[in-house]
Amino acid sequence: MAKWSFLSLVLGDITQKGYEKKRAKLLAPYVPQTQGRCFCGRGSKVPAALPETAVCEPAVVFCLLCCRKAERVTSCLADIHTEAVQAALAKHKEQKMALPMPTKRRSTFVQSPADACTPPDTSSASEDEGSLRRQAALSAALHQSLQNAESWINRSIQGSSTSSSASSTLSHGEENLSVPPDVTATTSSSSSSSSARPAAIDLPPSGIVKGMHKGSNRSSLMDTADGVPVSSRVSTKIQQLLNTLKRPKRPPLKEFFVDDFEEIVEVPQPDPNQPKPEGRQMTPVKGEPLGVVCNWPPALEAALQRWGSTQAKCPCLTALDVTGKPIYTLTYGKLWSRSLKLAYTLLNKLGTKNEPVLKPGDRVALVYPNNDPVMFMVAFYGCLLAEVVPVPIEVPLTRKDAGGQQIGFLLGSCGIALALTTEVCLKGLPKTQNGEIVQFKGWPRLKWVVTDSKYLSKSPKDWQPNISAAGTEPAYIEYKTSKEGSVMGVTVSRVAMLSHCQALSQACNYSEGETIVNVLDFKKDAGLWHGILTNVMNKLHTISVPYSVMKTCPLSWVQRVHAHKAKVALVKCRDLHWAMMAHRDQRDVSLSSLRMLIVTDGANPWSVSSCDAFLSLFQSHGLKPEAICPCATSPEAMTIAIRRPGVPGAPLPGRAILSMNGLSFGVIRVNTEDKNSALTVQDVGHVMPGGMMCIVKPDGPPQLCKTDEIGEICVSSRAGGMMYYGLAGVTKNTFEVIPVNSAGSPVGDVPFVRSGLLGFVGPGSLVFVVGKMDGLLTVSGRRHNADDIVATGLAVESIKTVYRGRIAVFSVSVFYDERIVVVAEQRPDASEEDSFQWMSRVLQAIDSIHQVGVYCLALVPANTLPKTPLGGIHISQTKQHFLEGSLHPCNILMCPHTCVTNLPKPRQKQPGVGPASVMVGNLVAGKRIAQASGRDLAPPLKQKAQATPDHPLFLLLNAKGTTVCTATCLQLHKKAERIASVLSDKGHLNAGDNVVLLYPPGIELITAFYGCLYAGCIPVTVRPPHAQSLTATLPTVRMIVEVSKAACILTTQALMRLLRSREAAGAVDVKTWPTIIDTDDLPRKRLAQLYKPPTPEMLAYLDFSVSTTGMLTGVKRSLLWLEARKAFRAVKLWIQCRLGAQKSLLQRREGGLWSGHQEFCCCLPLGEQGILPGVKVVIVNPETKGPLGDSHLGEIWVNSPHTASGYYTIYDNETLQADHFNTRLSFGDAAQTLWARTGYLGFVRRTELTAASGERHDALYVVGALDETLELRGLRYHPIDIETSVSRTHRSIAECAVFTWTNLLVVVVELCGCEQEALDLVPLVTNVVLEEHYLIVGVVVVVDPGVIPINSRGEKQRMHLRDSFLADQLDPIYVAYNM
């Protein structure tokens, strides 16, 4: 692929003022002066009379270089695009972008040395693909210690922050303790003197111990930026990110949001100032008549027979070796005889006489390497003589070739069962262990036939092939890859093949015996048409230069032109560029023999620069300016237009300097405003002889465009494809197009073929091509061309960063619009800073020149993008890897904030149920009050220990599910009595004292719990500390011991030694532990009398836990609650343990939500909830405390005799207790009932099921915890919903957690795969959150497994994760800051 970098102006060391003066002088001839004049600088008017078929409207003026003097300045046009890019970037020099560079581990990506040879593309699959090594590193435990509970409490209160504004205002009536700064405002915060909090698994890092502190200084919350010093690296980068988002470039969105699918997104309103076509409807343009030459054969096979018989020794095709020297020349006699032998073999020697393998009309695959044109040419004409249809394809190298499966689909749809190849190629195909050719993915089973001459049978003298006049039967099938990656076979008939050869012969003025040099692929497109087909028709001599030779010697084709005095050369822009790069190696070459230098990709935006630069360099070597002949081709329409060889001394062809803004709206406008956003295009000549061309709108019905409108080029000619093989529906839309006028009426009855090229017809019936349909990117209603964006990227000093100019541009559909993605291969020696600088400059250049934002810009290691057979980038495969998360970039930059402009605005709040409505009754506006209740409470079960002493109550299971230990009623009772005796004798405890139970999940914990109840003590269950991370987990234990004022600690001997160890002394003060009693060796003394509580409302036990928002909460459980839990039997036993799980089964599981908060536990878990006996439920608006209607989302309030009695606090806080445990509705029938607030959002919905009473069943649905909700852009989100979406985007995501910071959404994902997949997750995470939740992710953090903290109930501690991230304590694999 050509580069733009070589086109930069070489001005030397000059000042900025001198540079601007020099640039203005050079560009002065092309600045428009007055309307109706050309841009050549001489002021000559546009001719008054132009051909009727190409009359330009007043708004359309083309720069026609109308004199020989213009030749001197045409080379300056080569620099126009590079100049435009540099000028656009110059605007941003003073506005230095303070973009936050992504954070990356040093060891994450190590590129291997890449091949440093010169050509831009590679075709060898054995090259070093660039390796990415992974050095796994788990996050180290954080070693922060706390001296006592009071100091920790003070720090946690000063640095506390809520998860969002929603959790601040709606969290059980608490005041808003912290307001995160707005994205659009610059917030400066002083650093906090408080040290970072420890990263304990159960530690409440930013929470408040409820009721612990009455007079905390809440004003200090704003001073510490939510508890994290703003001087930290992460906070600085986030501030940089916020600075880039302060001034949105796009107009503000409209204030509306509706829930209809069609109107979910912001509908882009058309710009009233956008240019619109003003010309009249165009009329089809006809090419010159196809002449009738007396010696033209009736069929191409007849031409081969003629030359093979009469000019047998004339050279037909010369092949080169790897050094570029001729290795073999195929004469016309040899071509005829060997093709004849192959045709006879195919028809008579592959099967029996009665059952031949091949019949005329069957399809055959031709599998020949790119360096063997001789064998391919013999096979191709052998198939034509045998009347079988050849289907040339590429040689498969591996089972995972890019696009290989689609090629297999083509072979299967064509019914191909036979493949022709050479002996050498067959030996090189991948084999199984048995020596058989592997079954390529998606391919049908093929029989391989070797076509080397020694394996062919000589035909009898009386056998002659059937050579008839060319008809409409298929001649060959050429494969084409669509934009989506699917492969289709374009069928070319024999008459179309012959007519195309005739049209090429007339347009190129071929004569017998001429020599042509072909650098293109001889199996398809122009390389096949000129080098294989037209070659035989005109008895030409083709020098085929394989691409493997071009890799080692880019100047080889120039040397062949010089050595053979070739008249015609077939090249691409890349061949011109790399020949210039290698020119200094050999200067004694002459191109004076060339009368046509056919540039087959003249439709590309860089073709002008490549042609001009090549001419300026090789004009001194005899190259004539009029010899450069761009052309435009497509598989469907074949050759569309080609510039004819000019007459020496005649004016050079015209150039069009068009406005890219106009092109984006499909309108032709001369660039008169912003000189940076101009596209200079050259013509590709006139319509082919015997053809007719029209321009139709690319979308919708094939309506003819206006004369100043861009559209798809359609051609009507005998020399074109006839159909996509086996695809009748697509064929009709492509090969049988009838243009219509603005009224929808057909214009004539001649069918046209869509070419897939975008362009227009200019003055003098010259054809201009500005892009391809496959490269069309439609973003927000505006069209952009992928090749134009590639050219802009290459113009931004890409030689320092981009490997061999390999850049791919495509679009992905994200959130109801197309988004542009740019992927480039990074040079191995490019530094991280240089790469990031290049990426940021590319974004600026594309935004300035094309007025479009780039959604994602990724750099991948060199030689890792999927390749086409000739070494180019396989765009559709690259896009597929990007969407699948298998691209493995080494640098990535996401810019969703600047690209996504159609986000919805917040919903308007729906009117709730008011007091007046409740007076009318329970049915309000067709909705029932969301209230439900369970069945009546059954009496508690009696003690069965005496009746069934051997009944097993608990089973302890190991990891394999087998029973390790059991506890019967009698065993549990006896051991609990001994523990109660120890508490009385050793601990000297009284009834009502608190006892901390420090046990791992198991039967010992259960017996200790009942032992405390027997002694009248209040058990406080605490998760034991981790021996490997005492500094992180022991402070939480110490905190609960002090907060609960425990008089004693019951534990095992091992844990008792751990609590008093030297390691524990480094985390807490071990001398302040209360009495510690181990229960491993208990005395057999029994308690004299079991404790009997006087009332069932007395406290049974304390339940301490850290919530997901960092709250350390102690909840009091009464004996009535405990008895009710025994009686219900609807929820499983309170504790069931599995060895190794380290968790109780009574935990919140990912994928499902417990409907009851830990204070209330009134409903069944997971999905649709059944209401427990004795429980009443109502759905309430948490702000107004009024009831809501059926199926409306609100907070779940419950009323039951067994709810918790309140929070366990040191200081009395009656207001908090009353608001949470004894609150009333603000209005309604149930306003006098006392309710307990669960803190969960949900809704009640009446189902079709019936209860035992015969009434319809009310189901309770739980959405999530109110404390966890994130409020972004006025909408409320639940972290679990976003995390569920993110977790399923890629197989390597083990866990996910989200939180907000300064109104930015931060997504943290744990990577369970190799680290080279880390950057693959960034676009996937951004895409899925945008698609499913209408949110833009601000920061994506990729971490190791186990980094996301989980509390003892299995819940993610998102606030602790947030503080660790902002304090730069996560050791992330990668942190991406989305712009």
Side-chain angles (χ1 to χ4, degrees), residues 940-983 995-1024 1049-1055 1077-1082 1084 1086-1087 1090-1091 1100-1105 1117 1119 1121-1149 1154 1156 1158 1161 1164-1165 1172 1202 1352-1354:
L941 296 177
K942 295 183 179 179
Q943 181 61 259
K944 297 184 179 180
Q946 297 178 353
T948 55
D950 297 329
H951 175 69
L953 285 178
F954 297 97
L955 302 177
L956 186 64
L957 309 178
N958 60 13
K960 296 181 179 180
T962 58
T963 302
V964 176
C965 182
T966 62
T968 63
C969 295
L970 185 60
Q971 291 171 343
L972 180 65
H973 174 69
K974 289 184 176 181
K975 194 168 184 179
E977 283 185 327
R978 292 199 293 268
I979 291 177
S981 176
V982 169
L983 290 174
V995 177
V996 167
L997 307 184
L998 203 62
Y999 294 92
I1003 294 179
E1004 290 181 327
L1005 173 62
I1006 301 172
T1007 55
F1009 184 88
Y1010 282 100
C1012 290
L1013 296 182
Y1014 281 6
C1017 299
I1018 300 172
V1020 182
T1021 58
V1022 180
R1023 188 180 186 183
I1049 298 177
L1050 287 182
T1051 184
T1052 63
Q1053 289 183 1
L1055 286 174
I1077 301 175
D1078 74 271
T1079 57
D1080 288 350
D1081 298 322
L1082 295 172
R1084 296 191 174 275
R1086 296 175 56 185
L1087 194 64
L1090 298 182
Y1091 174 78
Y1101 73 95
L1102 292 178
D1103 186 3
F1104 278 91
S1105 66
R1117 307 287 191 187
L1119 290 171
W1121 184 92
L1122 191 61
E1123 289 298 322
R1125 292 283 289 183
K1126 295 178 185 178
F1128 288 153
R1129 308 297 294 175
V1131 179
K1132 293 186 179 180
L1133 293 177
W1134 179 62
I1135 296 178
Q1136 299 177 18
C1137 303
R1138 296 187 68 167
L1139 188 62
Q1142 298 299 315
K1143 297 178 183 178
S1144 138
L1145 290 183
L1146 194 62
Q1147 290 176 344
R1148 176 184 174 277
R1149 297 184 297 175
W1154 282 93
Q1158 62 168 353
C1161 288
L1164 292 176
L1172 291 183
H1202 52 269
S1352 58
R1353 294 188 296 167

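By convention here, the first residue in the shown sequence is residue 1.
In this view, Glu1004 satisfies the side chain to side chain donor-acceptor pair (under 3.5 Å) rule with no residue, not counting sequence neighbours. Residues satisfying the side chain to side chain donor-acceptor pair (under 3.5 Å) criterion with Asp1080, sequence neighbours excluded, are absent altogether.
With contacts defined as side-chain heavy-atom distances shorter than 4.5 Å, the pair Ser981/Leu1082 does not qualify. Counting heavy atoms from C-beta outward, Asp1081 and Gln1053 have side chains that approach closer than 4.5 Å.
For Leu998 against Arg1023, the heavy-atom pair with the smallest separation is CD1-O, 4.0 Å. Contact detail for Leu983 and Cys1017: the closest heavy-atom pair is CD1-SG, 4.3 Å. Nearest heavy-atom pair across Pro1024 and Tyr999 is CD-O, 3.3 Å.
Here the NZ-CG distance, from Lys975 to Leu970, works out to 13.5 Å after rounding to the nearest 0.5 Å.
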Does the pair Thr963 and Leu957 meet the rule for a side-chain contact (heavy atoms from CB on, under 4.5 Å), with working shown? CA-CA 5 Å; Thr963 302; Leu957 309 178; 3.6 Å; yes
Checking Asp1078 against Thr1052 for the side-chain contact (heavy atoms from CB on, under 4.5 Å) test, could you report, in this order, the C-alpha distance in whole Å, the side-chain angles of both residues, the deciding distance, and whether it holds? CA-CA 5 Å; Asp1078 74 271; Thr1052 63; 5.9 Å; no
Pair Ile979-Ile1077, side-chain contact (heavy atoms from CB on, under 4.5 Å): steps then yes or no: CA-CA 10 Å; Ile979 291 177; Ile1077 301 175; over 6 Å; no
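Put simply, the side chain of Thr962 never gets that close to the backbone of Asn958: no donor and acceptor are under 3.5 Å apart.
Counted by atom type alone, His973 and Tyr1014 present one or more donor-acceptor pairs between their side chains at under 3.5 Å.
Under the side-chain contact (heavy atoms from CB on, under 4.5 Å) test applied with Leu997, the options Thr1051, Leu1050, Thr1079 reduce to a single match, Leu1050.
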